[in-house]
Amino acid sequence: MNLSKSAKNLIFRYQAWFQSLQPREDIIKIHVDEVASKVASFYEKVREIIDWREEHLLRKTAVKRVLKRRMFRKKEGEAIAEPLIHELIRAGHFPNDSIPESKITEIQKIIDKYIFIINNAPSPPKEKKGLQFYDWLSGIAACEVEEALAPPIRENALMEYMFEMMKERIEVREGILIKGGMQESEKDTQIYIAVQRALFKLDEPIISYHLLAKWYPEWADLNPEKLQEITQNIYSLWEKIEKALKHSLSEKFYKVCEKYDTPYLILGDVISADPAAAQENLENPEVLENKVKEAYGGRLKKVKARMRRAAIYSTISIFITKVLLSFAVEVPFDKYVTHQYSDLTLGLNILIPPALMFVLILTIKPPSKQNAELVVMEVTKIVYERERTDVYEIRPTPKRGLVLNLIVQGAYLVSFAASFGLIVWGLRQLNFSVLSIIIFLMFVSLISFAGMKIRQRAKELVVEKERESFFFTFVDAFSLPFLRVGRWLSAQWTKYNTLVVLFDSFLDMPFQVFVQFLEHWRSFIKEKKEEIH
């Protein structure tokens, strides 16, 4: 069996990635004080618990937070790249002595580009607020800064490989919503977005940055005229990106890519294990099969560890907030307003949501043994040349008639009322106050949504078709209202998490000043000690 040209090219790019990791002694690296770094790293761990994010988004989130704070305080002509990089290294997001000093100039150039856009963009349209624009653009800037500091050579190679494969396999069938068919460029954009969402669970800011880089290949080094042109049209560009991200068929493209992303992840692991011998290993089907099974087992262990971490951090984050909210709002309200305070009610209100998360995680089932065999088969399909390729169809959802639509919507409203009504009735029997019931429902919804996302991530390696049953259909109907509410609340939680606002407003800046003082103080002490002979 012959390797495809795409597979050979993927191996070559992985070998280039491996070469980029080799240390170079002739380059001066950025160093920060180890003691100050330990203090800053501890603070960052506390922040990670309070403002929990998925592991692969932690560094980007930290870059955005630091970038927004420093850009907001930036004085004319002030260089902020160096202190920004120092802060990220101290917080443990990049290893000490790993980033070349030459990166300071590169990062400053990136930051200056976004500051120019912010300072010279036209007044925002009525439907767009200035703070929204600043948040959107700073998110994209954070992604570019992160990728400049740690270029994702391997990840980009695998995403482009899957993108090219999916372009050949995905077919969009015409329907009522697609008159005259879908344009090829529109289809390619949706596949490009879906691959990033499925393969590495990238979020909207990262995908938005990648779309900009795709539409403007010179984005990393814009000349003044092009930068001015983009700045004047930045709001229409923002709208174009949002339109692409919220396309009516985006979820269908995602589901297809999510279903078939496992063989690409495993193939990437196989090549990463030994890039130099990768072509030889892949050309031998028996060797490839053993390597795939080995990589599958290793990734399965990583998925389980990641699920445990996600469960612990998300539960602790919501639990701490729930405790603080209970003692700050619920207890005073129940004691002095409704006079319905009860230790039992307070305990149940605090403990039930984390217990729900524990049950959701505990009931996650690992993939079957048959799934491993299916993964081997799917990997061979994307590695070797084949005369015929699989076709993945995407069809628009059939438009329901008015009567049928009313029936379906009515059934959903009934399930919504039944789900929340049953919980409310049970809480009233336990003498929960109105405020406690509202807060309880909010946290159950948040936990349900977080648990659902974790359960979905646990299926990262599942290729086999899941069995459906009447029982799970009933469970879905009961839980869907909580998931929908939880999804909305989660978006608001990210924006208005009180503890995060508290950290950002009152603790973040003073702490960074303290860490910088500690670093300079230790440097001063070292200098004085060296003067003693």
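Bear in mind the structure is a predicted one, so any value in this text is a computation, not a measurement.
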*Are Lys381 and Glu378 close enough for a salt bridge, meaning some N to O gap below 4.0 Å?*
yes
*Who pairs with Glu82 by salt bridge (charged side-chain N to carboxylate O under 4.0 Å, His left out), at least two apart in sequence or on another chain?*
none
*asked:* Test of understanding: with ring pair (Phe, Tyr, Trp, His ring centres under 6.0 Å), list the residues that count as partners of Tyr260, not counting sequence neighbours.
replied: Tyr392
*Would you call Glu283 and Lys8 a salt bridge, using N to O less than 4.0 angstrom?*
no
*Search all heavy atoms of Val32 against all heavy atoms of Ser37 and return the closest pair with its distance.*
CG2-CB, 4.3 Å
*If you draw the axis of the six-membered ring of Tyr192, does the NZ or CZ of Lys214 fall within 45° of it and under 6.0 Å from the ring centre?*
yes
*With Asn290, which residues qualify under side-chain contact (heavy atoms from CB on, under 4.5 Å), at least two apart?*
none
*Salt-bridge contact Lys60-Asp203 (side-chain N to carboxylate O under 4.0 Å)*: yes
*asked:* Can you classify the ring geometry of Trp238 versus Trp136 as parallel (below 30°), tilted (30 to 60°) or perpendicular (above 60°)?
replied: parallel
_Restricting to ring pair (Phe, Tyr, Trp, His ring centres under 6.0 Å), what partner residues turn up for Tyr114, sequence neighbours left out?_
none
*asked:* Could you measure the distance from the CG atom of Leu84 to the CD atom of Gln108? Nearest 0.5 Å is fine.
replied: 9.0 Å
_So which atom in Pro95 and which in Ser98 form the shortest heavy-atom distance, rounded to 0.1 Å?_
O-OG, 2.5 Å
*Tell me, please, which residues at least two apart from Glu147 pass salt bridge (charged side-chain N to carboxylate O under 4.0 Å, His left out).*
none
*Identify, with sequence neighbours excluded, every residue that meets side-chain hydrogen bond (donor to acceptor under 3.5 Å, both in side chains) alongside Gln196.*
His210
*Keeping the roles fixed (side chain from Gln190, backbone from Ala244), state whether a donor-acceptor pair exists under 3.5 Å.*
yes
*Determine whether more than 12 heavy atoms belonging to other residues, nucleotides or ligands lie under 6.0 Å from atom CD of Glu280.*
no
*Among residues two or more places apart or on two chains, list those pairs meeting salt bridge (Lys or Arg N to Asp or Glu O under 4.0 Å) that have a residue in residues 91-105.*
Lys103-Glu106
*asked:* Tell me whether Asn223 contacts the main-chain N or O of Lys226 through its side chain, where contact means a donor paired with an acceptor under 3.5 Å.
replied: yes
*Would you please name every residue forming a side-chain contact (heavy atoms from CB on, under 4.5 Å) with Leu21, sequence neighbours left out?*
Trp17
*Ala295: what forms a side-chain contact (heavy atoms from CB on, under 4.5 Å) with it, not counting sequence neighbours?*
Ile266, Asp269, Val270
*Non-neighbouring partners of Glu289 that pass salt bridge (charged side-chain N to carboxylate O under 4.0 Å, His left out), sequence neighbours left out*: Lys293
*asked:* Under the rule for salt bridge (charged side-chain N to carboxylate O under 4.0 Å, His left out), what residues qualify as partners of Lys64, not counting sequence neighbours?
replied: Asp135
*Is the backbone N or O of Val383 less than 3.5 Å from a side-chain atom of Ser4, with the two atoms forming a donor-acceptor pair by type?*
yes
*Listed partners of Phe18 passing ring pair (Phe, Tyr, Trp, His ring centres under 6.0 Å), at least two apart*: none
*Would you name the heavy atoms of Ile11 and Pro275 that are closest together and state the gap between them?*
CG2-O, 4.2 Å
